[in-house]
Amino acid sequence: MPRPFRFGVNMLTPASGPEWRAKCRRAEELGYDVILVPDHLGWVAPFPALVAAAQATERVRVGTLVLNAGFYNPALLAREVATTDALTGGRLELGLGTGYVREEHDAARLPFGSPGERVDHLRRTIEELDRLLAAEDHQPRPEQARVPLLIGGNGDRMLELTAEHADIAAFAGARTGSTRSLEPLTADELDERVGRYRELAAGRAEPAELSLLLQQAVVTDDPEQALKPLLERRPELTLESALALPVVLAGPLEDVVARVEAQRERYGFTNLTVLEPHMEAFAPVIERLRARSA
């Protein structure tokens with residue numbers, strides 16, 4: 001039997017305390033399972049935002065998608081993780097990545113390094129977090145015996161790390177382009193990356209949950225209008241090729257529901273995250289899928 005679906009929303013927009021709590025409550029009302037935040041300068045600080053989200057809600061889990069490991073000292077990060085997990089009642093899911101925006105490292109006066117150096121730092125961070133949080137004498141203590149670890153990345157070394165350590169294997173469905181923007185992978189390219197991950201993870205005792213970050217997720221009778229901003233940003237895409245991208249879901253309700261189920265069958269994705277601007281538009285898909293599995 002496939003895993004049941006889980007749905008997350010990645011909150012992108014800073015807000016006042018009342019506004020932040022209200023939109024987190026709204027995400028819970030719409031049926032989302034996880035409220036997530038990214039980790040970029042100029043956006044919300046992840047850990048206080050997650051504590052506030054948990055205090056405003058009852059059942060949703062909270063997580064990072066994803067922390068930039070280059071911003072953190074592992075010992076200090078372990079303190080943040082343990083405190084946040086305790087204050088959220090054991091609802092934290094920790095997402096980690098290497099970071100990909102050099103300008104943010106420069107602004108923070110932190111080394112950026114080569115891709116290989118960033119992966120090395122992420123590995124050291126994961127291994128040190130595992131050691132510290134498993135230690136009986138580590139204070140503070142997290143609520144969960146193990147805070148679920150999500151790792152996001154596409155390269156071979158990142159997939160190796162994900163296969164070794166991650167409870168949730170997260171695919172952005174995109175690669176880093178020549179600028180800070182992400183270029184979406186085609187269906188065949190994502191097939192190859194997921195296939196490579198499965199090869200690397202073949203020896204795991206417990207399979208990881210597979211996750212995909214959707215860039216467009218909207219129920220509409222006019223997908224061309226909904227995808228107009230994407231097509232303007234990516235003039236090499238036609239409407240047909242854009243709709244074929246795994247990270248794009250746009251169309252009538254039944255079409256989008258069928259695409260979600262087809263992607264679970266093809267890739268194994270049962271954990272889907274939408275961006276905050278699409279939170280309301282994607283909610284009917286969640287409702288329909290839940291009704292089918294009831």
Side-chain angles (χ1 to χ4, degrees), residues 1-11 27 32-39 46-47 50 53-54 59-69 72 77-78 80-81 84-85 88 90-99 119 122-123 125-127 129-130 133-134 142-174 185 190 193-215 217 246-247 260 263-264 266-275 286 289:
M1 289 291 291
R3 289 177 184 262
F5 282 113
R6 289 203 307 149
F7 300 98
V9 55
N10 209 21
M11 296 296 197
Y32 288 93
D33 301 289
V34 193
I35 291 172
L36 299 138
V37 293
D39 187 18
F47 291 115
L50 296 180
R59 63 163 185 82
V60 293
R61 296 181 64 79
V62 296
T64 54
L65 194 66
V66 289
L67 287 186
N68 178 348
Y72 299 92
L77 180 56
E80 296 287 338
V81 170
T84 302
D85 192 53
T88 61
R91 291 154 69 183
L92 179 64
E93 298 181 1
L94 177 66
L96 291 175
T98 60
V119 175
L122 177 59
R123 176 177 288 278
T125 298
I126 291 168
E127 291 172 350
L129 283 175
D130 281 346
L133 295 176
E143 180 89 1
Q144 300 175 94
R146 174 179 168 82
V147 175
L149 176 63
L150 176 153
I151 301 176
N154 286 318
D156 280 352
R157 291 191 64 208
M158 284 296 294
L159 293 178
E160 290 174 9
L161 194 57
T162 303
E164 290 173 27
H165 293 279
D167 303 290
I168 305 167
F171 292 82
L185 300 181
L190 185 57
R193 289 291 79 196
V194 174
R196 179 58 179 150
Y197 166 78
R198 290 189 183 283
E199 291 174 4
L200 294 166
R204 287 180 59 118
E206 293 290 337
E209 184 179 33
L210 299 191
S211 174
L212 180 66
L213 175 61
L214 298 169
Q215 297 298 316
V247 295
V260 170
Q263 291 202 26
R264 178 171 65 178
R266 178 172 182 174
Y267 304 105
F269 293 129
T270 57
N271 181 330
L272 299 178
T273 298
V274 303
L275 302 176
I286 298 175
L289 286 164

Open item on the list: Between Leu275 and Leu213, does the side-chain contact (heavy atoms from CB on, under 4.5 Å) criterion hold? Intermediate values first, please.
Closed with: CA-CA 8 Å; Leu275 302 176; Leu213 175 61; 3.9 Å; yes

How close do [X] and [Y] get, heavy atom to heavy atom, and via which atoms?
{"X": "Pro38", "Y": "Pro46", "result": "O-CG, 3.7 Å"}
{"X": "Asn154", "Y": "Ala172", "result": "OD1-N, 4.5 Å"}
{"X": "Tyr197", "Y": "Ala208", "result": "OH-CB, 3.3 Å"}

Open item on the list: Can you tell whether the side chains of Glu209 and Arg6 come within less than 4.0 Å, N to carboxylate O?
Closed with: yes

Open item on the list: Could you check whether Glu160 pairs with Arg157 (Lys NZ or Arg NE/NH1/NH2 to Asp/Glu carboxylate O, under 4.0 Å)?
Closed with: no

Between [atom1] of [X] and [atom2] of [Y], what distance do you get to the nearest 0.5 Å?
{"X": "Leu77", "Y": "Phe47", "atom1": "CG", "atom2": "CZ", "answer": "5.0 Å"}
{"X": "Leu185", "Y": "Arg193", "atom1": "CG", "atom2": "CZ", "answer": "9.0 Å"}
{"X": "Gln263", "Y": "Leu190", "atom1": "CD", "atom2": "CG", "answer": "7.5 Å"}
{"X": "Ile35", "Y": "Leu65", "atom1": "CD1", "atom2": "CG", "answer": "13.5 Å"}
{"X": "Thr273", "Y": "Phe7", "atom1": "OG1", "atom2": "CZ", "answer": "10.0 Å"}
{"X": "Leu200", "Y": "Glu164", "atom1": "CG", "atom2": "CD", "answer": "8.5 Å"}

Open item on the list: Using side-chain contact (heavy atoms from CB on, under 4.5 Å), reason through Thr64 and Leu50 one step at a time and then give a plain yes or no.
Closed with: CA-CA 8 Å; Thr64 54; Leu50 296 180; 3.8 Å; yes

Is there a donor-acceptor pair under 3.5 Å between the side chain of [X] and the backbone N or O of [Y]?
{"X": "Asp39", "Y": "Val66", "answer": "no"}
{"X": "Thr84", "Y": "Val81", "answer": "no"}
{"X": "Arg264", "Y": "Phe269", "answer": "no"}

- [ ] Just jot down the side chain to side chain contact (heavy atoms under 4.5 Å, CB included) partners of Asp167, sequence neighbours excluded, or say none.
- [x] Arg146, Pro148, Leu149

With side chains defined as the heavy atoms from C-beta onward, is the minimum distance between [X] and [Y] less than 4.5 Å?
{"X": "Phe171", "Y": "Thr162", "value": "no"}
{"X": "Leu212", "Y": "Leu214", "value": "yes"}
{"X": "Leu96", "Y": "Leu129", "value": "yes"}
{"X": "Val34", "Y": "Arg91", "value": "no"}

- [ ] Check step by step if side-chain contact (heavy atoms from CB on, under 4.5 Å) holds for Ile126 and Ile151.
- [x] CA-CA 10 Å; Ile126 291 168; Ile151 301 176; 3.6 Å; yes

Task: ring-ring contact (aromatic ring centres under 6.0 Å, His included) partners of Tyr72, counting only residues at least two apart - done: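 Once residues adjacent in sequence are excluded, Tyr72 has no partner under the ring-ring contact (aromatic ring centres under 6.0 Å, His included) criterion.
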
Open item on the list: Does Glu93 form a side-chain contact (heavy atoms from CB on, under 4.5 Å) with Leu150? I'd like the steps, not just the answer.
Closed with: CA-CA 7 Å; Glu93 298 181 1; Leu150 176 153; 5.8 Å; no

